[in-house]
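What follows is a short report on a single structure.
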Amino acid sequence: MTPKTKNKKIFAIKGTKDILPQEARKWQKVESVAKRIFEVYGYREIRTPIFEATELFEKGTGQTTDIVIKEMYTFTDKGGRSLTLRPEYTPSVVRAIIENRLYLQPQPQRFYFMGPMFRYDKPQKGRYRQFHQIDIEVFGEKDPAIDAEIVEMAARLFKELNVVDVEILVNSVGCRNCRPPYLEELRRKAGEYIGQLCADCQRKVVTNPLRIFDCKVELCNEISRSFPNIIDYLCPECEEHFSRFCSCLDLYGIKYTVEPRLVRGLDYYTKTAFEFVSSKLGAQDAVLGGGRYDDMMKAFGGPEICGIGFAMGLERFISVVPFEEKKEDFLYLAHMGDRAKKAGMELARFLRQKGIECLIEYKERSLKNQISRANKLGAKWVLIVGEEEVKKGRYQLKNMATGLQEEITKEEMPSILLA
RNA sequence: GUGAGCGUAGCUCAACAGGUUAGAGCACCGGACUGUGGAUCCGGAGGUCGGGGGUUCGAGACCCCUCGCUCACCCCA
């Protein structure tokens, strides 16, 4: 380090943050529960690279989306290739499936994935530049029952982690046959009120009329209530799909709200769209969002295989999961004198082999000091190893909660400590 | 990218109207107590007041710039 840079502190990049041990515990918990549930539904983990060819997202996510237009971490590598840190996961999975010819295996295929995503957004509550998602995708199943299955699976995950105050919103965004005429009609209708809409919405009439529905300006909101709903414009196939989807949800006893104003931001969605929203999250209230994308695989030059999936924002999810504080359960090994220290090190090794979490102090400290530290660290047990104990082969085991102490041998330790 | 609010010790916050050497609680380290924790008492360490410039006899405070954080918009997980 040169003298000049010595004092300059380096901080985590804007929109990124460290997940410290206490917080990481929560992540581990959520990840393990999610994994267990997904596996039970027949999903298998798939891992793909963290960066891809920029083109993958331009084509897969859609050139008209904000993600591609202004939010991608794109850079050129030393070979002159344009690469992008993945802003979402679905295009990568689709790519992997085509590349590895996974579509030749029996369908449907179910995948899950967990990992970081990157979007160059301005950070705010529940939104980070590096954030994490748990994603699941199913390929090759057209039946709307699968749409309901993944909603039910997500609901189970929420329930197992005691997440309440979550509302499930569902909608159908139609397909390439029925959506264009609907959008036309929406534009026409919005055009009638153009003068009364806010500047943003006037722009949306042209760019993305569906977005007018979630404008926060009251007048826009009021006006848009009279606009046609996509539900009423669905083609027979989409309508059938949607009603069967809903009746499957009913069968599972899932409570949901049909929200005709629900539009997912990505270009590739068709038919089913859904979102889990929490009232506890502030402005960014969507914890989980997903839907069907029947045309994507084909658009990538793959076979005509439909897909459906969801993405859950882990930062957002974890912030609404209630966690019990986990009690520490470890043994602190206190020692006095050089011989005892060596004996203690061997004992610690023995205990760890047996699966007992064990801390040993390497600095010479008074017994009092060591026990005090053990207390602060939350040790459940203190094992006292002094010259006398080493000589006798019998050690003092102190229970920190009760303060009681007993004399035990090395052989007796595992059964007592693991009880 | 646009807008608003906030930056004083590891954390939470003080410091009148601009006035000496920027304080307190919690946390940390040590001692009282050399083989027994939590309580108490005593002591210690810890700060370029986010950074730079300006006004002033004098700036943590006032002005300008900048950086960072937070929240909101756009949009999304």
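Chain A is the first sequence line, chain B the second, and so forth, proteins listed ahead of strands; every chain is numbered from 1.
Between A/F38 and A/Y112, a ring centre-to-centre spacing shorter than 6.0 Å is recorded. A/F158 has its ring centre less than 6.0 Å from the ring centre of A/F317.
Checking A/M312 against A/G15, the closest nucleotide of RNA chain B that is more toward the 5' end is the one next to A/G15. Nearest-nucleotide mapping onto RNA chain B: of A/L314 and A/S366, the residue sitting toward the 5' end is A/S366.
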Dump the pairs, protein N or O against N or O of nucleotides 36-39 of chain B, anything under 3.5 Å, distances to one decimal.
from: B/U36; atom 1: O2; to: A/K398; atom 2: NZ; distance (Å): 3.2
from: B/U36; atom 1: O2; to: A/Q405; atom 2: OE1; distance (Å): 3.1
from: B/U36; atom 1: N3; to: A/Q405; atom 2: OE1; distance (Å): 2.9
from: B/U36; atom 1: N3; to: A/Q405; atom 2: NE2; distance (Å): 3.1
from: B/U36; atom 1: O4; to: A/Q405; atom 2: NE2; distance (Å): 2.8
from: B/G37; atom 1: OP1; to: A/K368; atom 2: NZ; distance (Å): 3.0
from: B/G37; atom 1: O2'; to: A/N375; atom 2: ND2; distance (Å): 3.3
from: B/G37; atom 1: O6; to: A/G403; atom 2: N; distance (Å): 3.4
from: B/G37; atom 1: N1; to: A/M400; atom 2: O; distance (Å): 2.4
from: B/G37; atom 1: N2; to: A/N375; atom 2: OD1; distance (Å): 2.8
from: B/G37; atom 1: N2; to: A/M400; atom 2: O; distance (Å): 2.9
from: B/G37; atom 1: N3; to: A/N375; atom 2: OD1; distance (Å): 3.3
from: B/G38; atom 1: O4'; to: A/N375; atom 2: ND2; distance (Å): 3.1

Protein-nucleotides 3-11 of chain B N/O pairs closer than 3.5 Å?
none

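A salt bridge is defined here as a Lys NZ or Arg NE, NH1 or NH2 lying under 4.0 Å from an Asp or Glu carboxylate O, and A/E152 with A/R156 meets this definition. Salt-bridge formation is not detected for the pair A/E185/A/K189: no Lys NZ or Arg NE/NH1/NH2 atom is positioned less than 4.0 Å from an Asp or Glu carboxylate oxygen.
Across the P atoms, B/U12 and B/C69 are found 16 Å apart, a figure rounded to whole Å. The gap from the P atom of B/A59 to that of B/G50 amounts to 15 Å, rounded to the nearest Å. Across B/A17 and B/C42, the matching C1' atoms stand 39 Å from one another, rounded to whole Å. A gap of 11 Å separates the C1' atoms of B/A24 and B/A9, to the nearest Å. Here, B/U70 and B/A27 have their P atoms 27 Å apart, quoted to the whole Å. The same atom, P, is picked in B/G38 and in B/C26; the two are 16 Å apart, to the nearest Å. One C1' atom belongs to B/A45, the other to B/G5, and the distance between them is 35 Å to the nearest Å. Spacing of C1' atoms, B/A15 relative to B/G53, comes out at 25 Å, to the nearest Å.
Regarding contacts with the backbone of B/G30, a side-chain N or O of A/R365 is found under 4.0 angstrom from either OP1 or OP2. Taking side-chain N and O atoms only, A/Q124 has no distance below 4.0 Å to OP1 or OP2 of B/C71.
Going from atom OH of A/Y128 over to atom C1' of B/C69 covers 12 Å, rounded to whole Å. In this structure, A/I67 places its CD1 atom 13 Å from P of B/C75, rounding to the nearest Å. Between the CZ atom of A/F11 and the P atom of B/C69 there is a distance of 9 Å, given to the nearest Å. Regarding A/D66, its CG atom lies at a distance of 12 Å from the C1' atom of B/C73, rounded to whole Å. What separates CG of A/D285 from P of B/C71 is a distance of 15 Å, to the nearest Å. If you take CZ of A/F57 and P of B/C75, they are 22 Å apart, rounded to a whole angstrom. Summarising the geometry, the separation between NZ on A/K125 and P on B/C69 is reported as 17 Å, rounded to the nearest angstrom. Rounded to whole Å, atom C1' of B/C75 lies 14 Å from atom CZ of A/R129.
Atom NZ of A/K29 has 12 or fewer heavy atoms from other residues, nucleotides or ligands within 6.0 Å. No more than 12 heavy atoms of other residues, nucleotides or ligands shown are found within 6.0 angstrom of CD1 on A/I13.
Between the side chains of A/S224 and A/Y193, no donor N or O sits under 3.5 Å from an acceptor N or O. A/Y103 and A/Q109 share no side-chain donor-acceptor pair at under 3.5 Å. For the residue pair A/H335/A/E361, the side-chain donor-acceptor check at 3.5 Å is not satisfied.
For A/K70 and A/Y120, the positive end is not near the middle of the six-membered ring at less than 6.0 Å and at most 45° from its axis. Figure legend: A/K380 and A/F330 shown without cation-pi pairing, the cationic atom not lying both under 6.0 angstrom from the six-membered ring centre and within 45 degrees of its axis.
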### Query
Using Watson-Crick and G-U wobble pairs with both distances under 3.5 Å, what is the 5'-to-3' dot-bracket string of RNA chain B, with [ ] for crossing pairs and | for pairs outside the strand?
(((((((..((((.....[...)))).(((((.......))))).....(((((..]....))))))))))))....
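In this structure, A/E389 contributes its side chain and A/G386 its backbone to a donor-acceptor pair below 3.5 Å.
In this pair, A/F317 does not lay its aromatic ring on the base of B/A77; centres under 5.5 Å and planes under 30 degrees do not both hold.
The side chain to side chain donor-acceptor pair (under 3.5 Å) test with A/R292 singles out one residue from A/D147, A/T272, A/T270, and that residue is A/D147.
If you check every strand for non-hydrogen atoms under 4.0 Å, A/V287 touches sugar and phosphate atoms only. At a threshold of 4.0 angstrom between heavy atoms, the contacts of A/Q370 with the nucleic acid are absent.
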